[in-house]
Structures are given as structure tokens and as C-alpha cells.
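Encoded as C-alpha cells, the structure appears first; notes follow it.
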Number of protein chains: 2
Amino acid sequence: MVLLRGMVGSVNFSASTTHALRATAWLAAHGDGDAVLGREMARKLKIPPDYLSKVLATLARSGVLTAVRGAKGGYRLARAPERIKLVEVVTPFEGTRARSGCLLRPDRPCRDSGACSAHRSWGGVNEAYRAFLEKTTVADIRDQA
Amino acid sequence: MVLLRGMVGSVNFSASTTHALRATAWLAAHGDGDAVLGREMARKLKIPPDYLSKVLATLARSGVLTAVRGAKGGYRLARAPERIKLVEVVTPFEGTRARSGCLLRPDRPCRDSGACSAHRSWGGVNEAYRAFLEKTTVADIRDQA
DNA sequence: GTGATAGTGGATATGTATATCCATTATGCA
DNA sequence: TGCATAATGGATATACATATCCACTATCAC
């Protein structure tokens, strides 16, 4: 296995989640009210079109985007970017990977939450992660699109 | 897709990494200097034996464990648990998943690191994660085994 | 030395996320 | 109404992590 020392230690999202974040950020930056073609977003963001379309459909079902079918259709943000939290964008894709947040037994709720210091500081990492997703909105990442 | 609202927002490790953490914690708690059979650890920790043996072999190659072959063989911690950082246990398994830490473009180094506030606070999440792995040792998670 | 034990490593199977392909449905517009 | 367009969704392919199986090598006990 290839070791990438110094690179370890970053929190990752799945490809689906990353596509969702980039797409919503791009819509916030370039959407002018009109619906934007999924195909065009895929081209601009260099994401496989048929894959992105699934991601966009999921976001539409979740209420983050509004899908417009037919000619002149496409996708637009369901609300102003300032009113869409990142947690809304992330949740539909990270749901299956969600865990208890317990370091050693992520498959089940952990006993003695506050017992050891390692457990508490690990909880702090998760709390920082959760807080970021709650307080950051699509408007905040618009410029990075 | 099933949504698990309220569960999203925890940082996860892969199964291999979790096995490695649990195995080293268990060795710190139960190893009394003698080598412990991989098979016994698998039984106690309820981890598939043949899978755990690969994980243990990787940890031995990385210098976290010492492997003892032949009869009366097994594995032991290479050093005192206080002197083994979690980052050493995690690195051999999370290496392939390592990314740039950039929220929207994890596949490449990100431009304008300090430009937007979202970028900075996301960097803070990663910093908390990295700091945890650096400051926590196997001794700190021993009790959770 | 001989046999039993235990780690090592290659080959393979399985499950899930990722990615692609294509038929269908819905809608705007002439 | 009819046509072009675009989202929708099912089926399938690919890649990788996970898991299993088995043959091989190294070492201890006798």
C-alpha cells in the first residue's frame, strides 16, 4: 500500500457529496434565476453528466434544488444560497455512511461517553465537524465554485 | 436512499482502520508482554480472523506491532502504548483515502487557501482532526477496548 | 531432525460506491 | 397536435474496500 505521509488527517467526503457541494456552489455563483442544464453544469464542473444527474435528482428530492422538466428546463436552487445549510446538501449522501461517532465501535452506540479523555476529545472533533455543516451555507462556498 | 437525520456529521474511519485501532487498544489492555495470537484477538474482538491478520501484518510492517512467528508466536506492541500515536496506527490504512483537505476539490491542492471564511473554518475542522491523531496515544484508548 | 504452531502472502469472492448507457416521462414551443 | 428538449429511473459496468480461502515459510518444543 502506498503511504502518503503528511497527507493523512483530512476529513473526506464521498464523490457524490463532493459533486453535490460543487454543484450547489456553482449554481449559487452562476445561476441567475433561470434553470441551468444539468449537462452544462457537468461540462463546466468536469463531472460525468449521467452521474451528476443522479446527484442533482437526489438534491431535488431533498428540497435543496428545484428541477424543471421539459424544454428550457434544468435545475435551480430551491432557496437563496444564504438559506441553504451545507448539512442539507451533505445529508442525503452521507446518510448511509453515518456512524455513532464512537472511535472504536462506530457500528453501535458507545457506552460510557464521558469516561476517558480520548473519547471526549474525539467527540470534540465530531462536534467541530457538525458545527461547520450547520453554520456554513451555500453562499459561503459560492466563491470556491 | 435511507436518510438518517441527526446521525450525519460524524467523522468515520474505514473498517480496516477501526480494526487496527481496536486491536492495538486491546493489546495495550490485555497484552502482558507475551505475544498474543492473532486468532485469539479476532475471536475476542469479533473480527474476521483472516481479515484481521492482514491488518496486523500491515501494522507490523509499519513498526506499530512486533510479529513473532512460529510456535508461541503472535503479536505485541512494538513500544509502550504511551509512545504510539494514533496517527501511526491510522496512516497505513487511510493513506489511499487521503485528500488535500479542500472542501470542494479534494482531488487536488486548493487555490487561495485563506480567501474565504468557509475555507478557513473547514481547515479548522481538519486541524482538530489532525491534532487529535497526533496528541492521542494507544494508552489513551486502552480502556475502550 | 521432526512435527506442530503461527505469521505471510497470493488468489479469489462479495458488497458498495462510482460511473455509464438507454428507454421513458414531462414540458415548452411552433 | 407534434416535435424537440430535458429530467427521471432502470439496468448494467467498473473500481475498490472488505472478507475468505489456502498454500507457504519461519520458529519453537520435543
Side-chain angles (χ1 to χ4, degrees), chain A residues 1-2 12-23 27 31 34-43 45-62 64-76 78 90 92-99 106-107, chain B residues 1-2 12-23 27 31 34-43 45-78 90 92-99 106-107:
Chain A
M1 177 181 301
V2 179
N12 301 323
F13 288 112
S14 69
S16 296
T17 302
T18 304
H19 294 339
L21 288 170
R22 293 184 63 213
L27 275 175
D34 282 357
V36 180
L37 276 67
R39 200 176 306 160
E40 185 188 348
M41 297 178 59
R43 190 166 48 81
L45 295 171
K46 293 190 171 58
I47 297 173
D50 286 302
Y51 186 27
L52 181 60
S53 80
K54 307 265 190 232
V55 171
L56 296 174
T58 298
L59 288 173
R61 269 195 304 275
S62 301
V64 170
L65 302 182
T66 300
V68 182
R69 300 181 69 139
K72 292 286 177 184
Y75 295 94
R76 70 167 68 94
V90 167
F93 305 99
E94 297 292 314
T96 54
R97 308 203 315 171
R99 298 293 184 280
D107 56 325
Chain B
M1 177 181 300
V2 179
N12 301 322
F13 288 113
S14 70
S16 295
T17 302
T18 303
H19 294 340
L21 288 170
R22 294 183 63 214
L27 275 175
D34 282 357
V36 180
L37 276 68
R39 202 174 305 159
E40 185 187 348
M41 298 178 58
R43 190 166 48 82
L45 295 170
K46 294 190 170 58
I47 297 173
D50 287 301
Y51 187 26
L52 181 60
S53 81
K54 308 265 190 232
V55 171
L56 296 175
T58 298
L59 288 173
R61 270 195 303 276
S62 301
V64 171
L65 301 183
T66 301
V68 183
R69 299 181 69 137
K72 292 285 177 186
Y75 295 95
R76 69 168 69 94
L77 294 178
V90 167
F93 306 98
E94 297 292 313
T96 53
R97 308 202 318 170
R99 298 292 186 281
D107 56 325

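In what follows, every heavy atom counts, from backbone to side chain, and hydrogens, waters and symmetry copies are set aside. In the text below, chain A, chain B and the rest are named by the order of the sequence lines, each starting its count at 1.
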Gap separating the NZ atom of B:Lys54 from the NE2 atom of B:His19, nearest 0.5 angstrom:
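Interatomic distance, B:Lys54 NZ to B:His19 NE2, rounded to 0.5 Å: 13.5 Å.
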Give, for atom CZ of B:Phe93 and atom CG of B:Leu59, the distance between the pair rounded to the nearest 0.5 Å.
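Between atom CZ of B:Phe93 and atom CG of B:Leu59 there are 4.0 Å.
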Counting side-chain heavy atoms from C-beta on, which of D:dT8, C:dT18, C:dT8 comes nearest to A:Ala67?
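For A:Ala67, the side-chain atoms sit closest to D:dT8.
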Measure all distances between protein nitrogen or oxygen atoms and nitrogen or oxygen atoms of nucleotides 20-23 of chain C, and list the pairs falling under 3.5 Å.
unit_1: C:dC22; atom_1: N4; unit_2: A:Asp50; atom_2: OD1; d: 3.4

[X] [atom1] to [N] [atom2]: how many Å, rounded?
| X | N | atom1 | atom2 | answer |
| --- | --- | --- | --- | --- |
| A:Arg22 | C:dT18 | CZ | C1' | 15 Å |
| B:Arg43 | C:dA6 | CZ | P | 12 Å |
| B:Arg61 | C:dT8 | CZ | P | 8 Å |

D:dA19 phosphate, OP1 or OP2, under 4.0 Å from B:His19 side-chain N/O
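Answer yes for this pair, as a side-chain N or O of B:His19 is under 4.0 Å from OP1 or OP2.
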Would you tell me if any nitrogen or oxygen in the side chain of B:Arg76 comes within less than 4.0 Å of OP1 or OP2 on C:dG7?
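Looking at the OP1 and OP2 atoms of C:dG7, neither is under 4.0 Å from any side-chain N or O of B:Arg76.
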My understanding is that only residues two or more places apart in sequence, or in another chain, count here; which of them pass side chain to side chain contact (heavy atoms under 4.5 Å, CB included) with A:Val68?
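With neighbours one apart ignored, the set is A:Ala35, A:Arg76.
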Please lay out, stage by stage, how B:Thr66 and B:Leu77 fare under the test side chain to side chain contact (heavy atoms under 4.5 Å, CB included).
CA-CA 6 Å; B:Thr66 301; B:Leu77 294 178; over 6 Å; no
Could you list, one pair per line, each protein nitrogen or oxygen that sits under 3.5 Å from a nitrogen or oxygen of nucleotides 26-30 of chain D, together with the distance?
unit_1: D:dA26; atom_1: O4'; unit_2: B:Arg69; atom_2: NE; d: 3.3
unit_1: D:dA26; atom_1: O4'; unit_2: B:Arg69; atom_2: NH2; d: 3.3
unit_1: D:dT27; atom_1: O2; unit_2: B:Ala71; atom_2: N; d: 3.4

Which part of the nucleic acid, if any, lies within contact of B:Leu56, taking any heavy atom under 4.0 Å across all strands shown: a base, the sugar-phosphate backbone alone, or nothing?
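No contact.
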